[in-house]
Colleague: 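One structure coming up, written as structure tokens, with questions to follow.
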Amino acid sequence: MTKRMHSVISVLVAFAMVLFMGLSTLGISAGAVTQSEIDALAKKKKDLQSQQAQLQQTINNLRGQQADAYAQKEQLDKEVEVIYQKIQVTQQEIQLYQTKIEEETAELQKQEILREEQEQKLKVRMRAMEENGRYGYLEVLMTAESLSDLLSKLDDVEQIMTNDKDLENGYKAAVEQCSKIKAELEDEEKALKNFESELESQQNEMQKQIETASATIASLQGDIDEYLTEYDETAANLQEVTDDISSLEAQRAAAARAAAAAKAAASSGSAHVSQSYAAAPSGAAGMFIWPTTVRTITSPYGYRYHPISGTYKFHSGVDIGASYGSPVYAAAAGTATVSYDAGGFGNYVTINHGNGYSTLYGHMSSVAISSGSYVSQGQVIGYVGSTGASTGPHLHFNVYHNGSLTNPMSYF
């Protein structure tokens, strides 16, 4: 072995020993991190995952109740609209009946005048009969001078008797007609008022039910917000524990490699020093294309003030301010699943890209694919909208790696 080779070996051994001592000083030696510590964190992680699943189930149940309340309110709104239309029609009918009542009232006044005229004529005739005697007709006949004169007088007497009878009948008919019209008008007016009152009662009852449904929706939203806050806190704790586990495992692996390298260099005197480092995650940048035609981000990934609840909470993805109805593209190829969430992402699609990666596209106005279909990168999967818990048209975009949320901006 040459003098130069001995020098190289000495330098490498010294470097390995310094590295080992430095790692030990930092508390990253093989004995610094124990399996029990990792196991304890793993149990904590499992407990947090169980708690998170229970919270999600509770939130889903509350959202289901809220969806039922929304459906009930929607049905009540439709029924109130029908009643409102009926009231409008009834008011028009009332207007027509009022016009008819005015016309029939005028007719009633005419009948009253006719009745009075008939009554006056009858009184005049009765006075004449009283003055001339009830049997004046016989006296008239006895004064006939000839047969032709008698026949003529008989015609006159018959005409007078007919006129008297017509006067009496006319009077009775006028009185009956006036009573009939008055009764009909009163019945029509009463029926209209009863119908209008019934519709107003129905409308008031429906309005009360709508107010109750609205109060239920608001109360459920308050409960959902509380559980969402707890869910976000649990998710943050879970992410922290997951990061701690990864950090401890990385420290343990690094310490083990350093110790092995130092031991091999010191014992064998070999000029070769092992450089087996933990494989870095494969570069994810550039694996996705942008999912819309615009690149304006209205809300980034991370904590923010929620636009609906107004609370400071974690935002799971990025909001892209695309216009309503603009196309949404698959960021990468994969198998798609179509879902709907009335209180969250609305119409949304998730795509499983393999290797632990998946993406979510939320609040779409409509979906252009079916569940289970395979989509290619850049394929139109739906259109931007504002369904679910949204204050305006935009695309909500999430990226998951091995089930955990990650910053979408790291993949473009």
Colleague: Quick check on the 6.0 Å ring-centre criterion: do Y411 and Y357 meet it?
Modeller: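 Yes, ring centres under 6.0 Å apart.
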Colleague: Are S201 and E205 linked by a side-chain donor-acceptor pair shorter than 3.5 Å?
Modeller: no
Colleague: Side chains of Y70 and I217: closer than 4.5 Å at any heavy-atom pair?
Modeller: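 Y70 vs I217: side chains touch.
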Colleague: Under 3.5 Å, is there a donor-acceptor pair between the S316 and N398 side chains?
Modeller: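 Distance-only check passes for S316 and N398.
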Colleague: What pair of heavy atoms forms the shortest contact from I297 to W290, and how long is it?
Modeller: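 That would be CD1-CH2, 4.0 Å.
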Colleague: Among Y329, F397, Y348, which residue satisfies the side-chain contact (heavy atoms from CB on, under 4.5 Å) criterion with Y361?
Modeller: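 Among the candidates, only F397 passes.
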Colleague: Could you check whether S358 and H401, counting side-chain N and O atoms only, form a donor-acceptor pair closer than 3.5 Å?
Modeller: no
Colleague: Are any of the side-chain heavy atoms of L76 and E79 separated by less than 4.5 Å?
Modeller: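 With C-beta onward as the side chain, the pair touches.
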Colleague: Please answer whether the main-chain N or O of A215 pairs with a side-chain N or O of S219 as donor and acceptor at a distance below 3.5 Å.
Modeller: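 Checked: no pair found.
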Colleague: Are the side chain of T406 and the backbone N or O of V399 linked by a donor-acceptor pair below 3.5 Å?
Modeller: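 Yes: the side chain of T406 pairs with the backbone of V399.
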Colleague: Is E93 close to V89 at the side-chain level, that is, under 4.5 Å between some pair of heavy atoms?
Modeller: yes
Colleague: How about S339 and D341: do any of their side-chain heavy atoms sit closer than 4.5 Å?
Modeller: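 They are not in contact (no side-chain heavy atoms under 4.5 Å apart), so the answer is no.
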Colleague: Quick one: which of Q66, R63, E226 gives a side-chain hydrogen bond (donor to acceptor under 3.5 Å, both in side chains) with Q221?
Modeller: Q66
Colleague: Stepwise, does the side chain to side chain contact (heavy atoms under 4.5 Å, CB included) test hold for S404 with Q239?
Modeller: CA-CA 8 Å; S404 298; Q239 187 62 51; 4.2 Å; yes
Colleague: Would you say Y227 and D225 are linked by a side-chain donor-acceptor pair, where the criterion is simply a distance under 3.5 Å?
Modeller: no
Colleague: Minimum heavy-atom separation for A330 to I381, with atom names?
Modeller: CB-CG2, 4.0 Å
Colleague: Side chain to side chain contact (heavy atoms under 4.5 Å, CB included) between Y383 and V328: does it pass, once the steps are laid out?
Modeller: CA-CA 5 Å; Y383 302 92; V328 177; 5.6 Å; no
Colleague: Checking S326 side chain against V384 main chain: does a donor-acceptor pair fall under 3.5 Å?
Modeller: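 It does not hold such a pair.
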Colleague: Would you say Y301 has more than 12 foreign heavy atoms packed within less than 6.0 Å of its OH?
Modeller: yes
Colleague: Is the side chain of T216 donor-acceptor paired with the backbone N or O of T212 at a distance under 3.5 Å, no angle test?
Modeller: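 The answer is yes, because a donor-acceptor pair under 3.5 Å joins these two groups.
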Colleague: Could you please spell out the steps behind the side chain to side chain contact (heavy atoms under 4.5 Å, CB included) verdict for K45 and L238?
Modeller: CA-CA 6 Å; K45 178 179 179 180; L238 179 60; 3.5 Å; yes
Colleague: How long is the straight-line distance from CG of D319 back to NE2 of H363, given to the nearest 0.5 Å?
Modeller: 6.0 Å
Colleague: Atom CD in Q51, atom CD in E233: separation rounded to 0.5 Å?
Modeller: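 The CD atom of E233 is 9.5 Å from CD of Q51, to the nearest 0.5 Å.
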Colleague: List the atom of I320, the atom of P291, and the distance in Å for their closest heavy-atom pair.
Modeller: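 Closest pair (atom of I320, atom of P291, distance): CD1-CG, 3.8 Å.
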Colleague: Test T58 against Q54 for side-chain hydrogen bond (donor to acceptor under 3.5 Å, both in side chains), laying out the working first.
Modeller: CA-CA 6 Å; T58 301; Q54 292 176 358; over 6 Å; no
Colleague: Kindly give the heavy-atom pair with the smallest separation between A235 and Q52, and that separation in Å.
Modeller: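 In this case the closest contact between A235 and Q52 is CB-NE2, 3.5 Å.
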Colleague: In Å and rounded to the nearest 0.5 Å, what is the CD1 to CD1 distance from I369 to I351?
Modeller: 5.5 Å
Colleague: Verify side chain to side chain contact (heavy atoms under 4.5 Å, CB included) between V241 and I245, making sure each step is shown before the conclusion.
Modeller: CA-CA 6 Å; V241 169; I245 291 173; 4.0 Å; yes
Colleague: From T90 OG1 over to L96 CG, what is the distance, rounded to the nearest 0.5 angstrom?
Modeller: 11.5 Å
Colleague: How about E198 and Q202: do any of their side-chain heavy atoms sit closer than 4.5 Å?
Modeller: yes
Colleague: Could you tell me whether a side-chain N or O of Q91 sits under 3.5 Å from a main-chain N or O of Q88, the two making a donor and an acceptor?
Modeller: no
Colleague: Answer with yes or no after comparing the ring centroid distance for F288 and H353 against a 6.0 Å cut-off, counting only values under it.
Modeller: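 Here the rings of H353 and F288 have centres that are less than 6.0 Å from each other.
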Colleague: So how far is it from Q377 CD to M287 CE, rounded to the nearest 0.5 Å?
Modeller: 9.0 Å
Colleague: Do Q57 and N61 get their side chains close enough for a donor-acceptor pair, meaning under 3.5 Å?
Modeller: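 Their side chains do contain a donor-acceptor pair, which is all the 3.5 Å distance test asks for.
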Colleague: Does some side-chain heavy atom of K78 sit less than 4.5 Å from a side-chain heavy atom of V82?
Modeller: no
Colleague: Drop me the distance from Q75's CD to I210's CD1, to the nearest 0.5 angstrom.
Modeller: 10.5 Å
Colleague: Would you name the heavy atoms of F314 and L405 that are closest together and state the gap between them?
Modeller: CE2-CD1, 4.0 Å
Colleague: Take a 6.0 Å sphere around CG of D223 and say whether it holds more than 12 heavy atoms from other residues, nucleotides or ligands.
Modeller: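 Counting neighbours around CG of D223, more than 12 heavy atoms of other residues, nucleotides or ligands fall under 6.0 Å, so yes.
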Colleague: Which pair of non-hydrogen atoms, one from N347 and one from T387, has the smallest distance, and what is that distance?
Modeller: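 Taking N347 first and T387 second, the nearest heavy atoms are N-OG1, 2.9 Å.
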Colleague: Is it the case that the side chains of N204 and E200 hold a donor-acceptor pair, with the cut-off being a distance below 3.5 Å and no angle test?
Modeller: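 Judged by distance alone, the side chains do not pair up.
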Colleague: Taking the basic N atoms (NZ, or NE/NH1/NH2) and the acidic carboxylate oxygens, is any pair closer than 4.0 Å for K43 and D47?
Modeller: yes
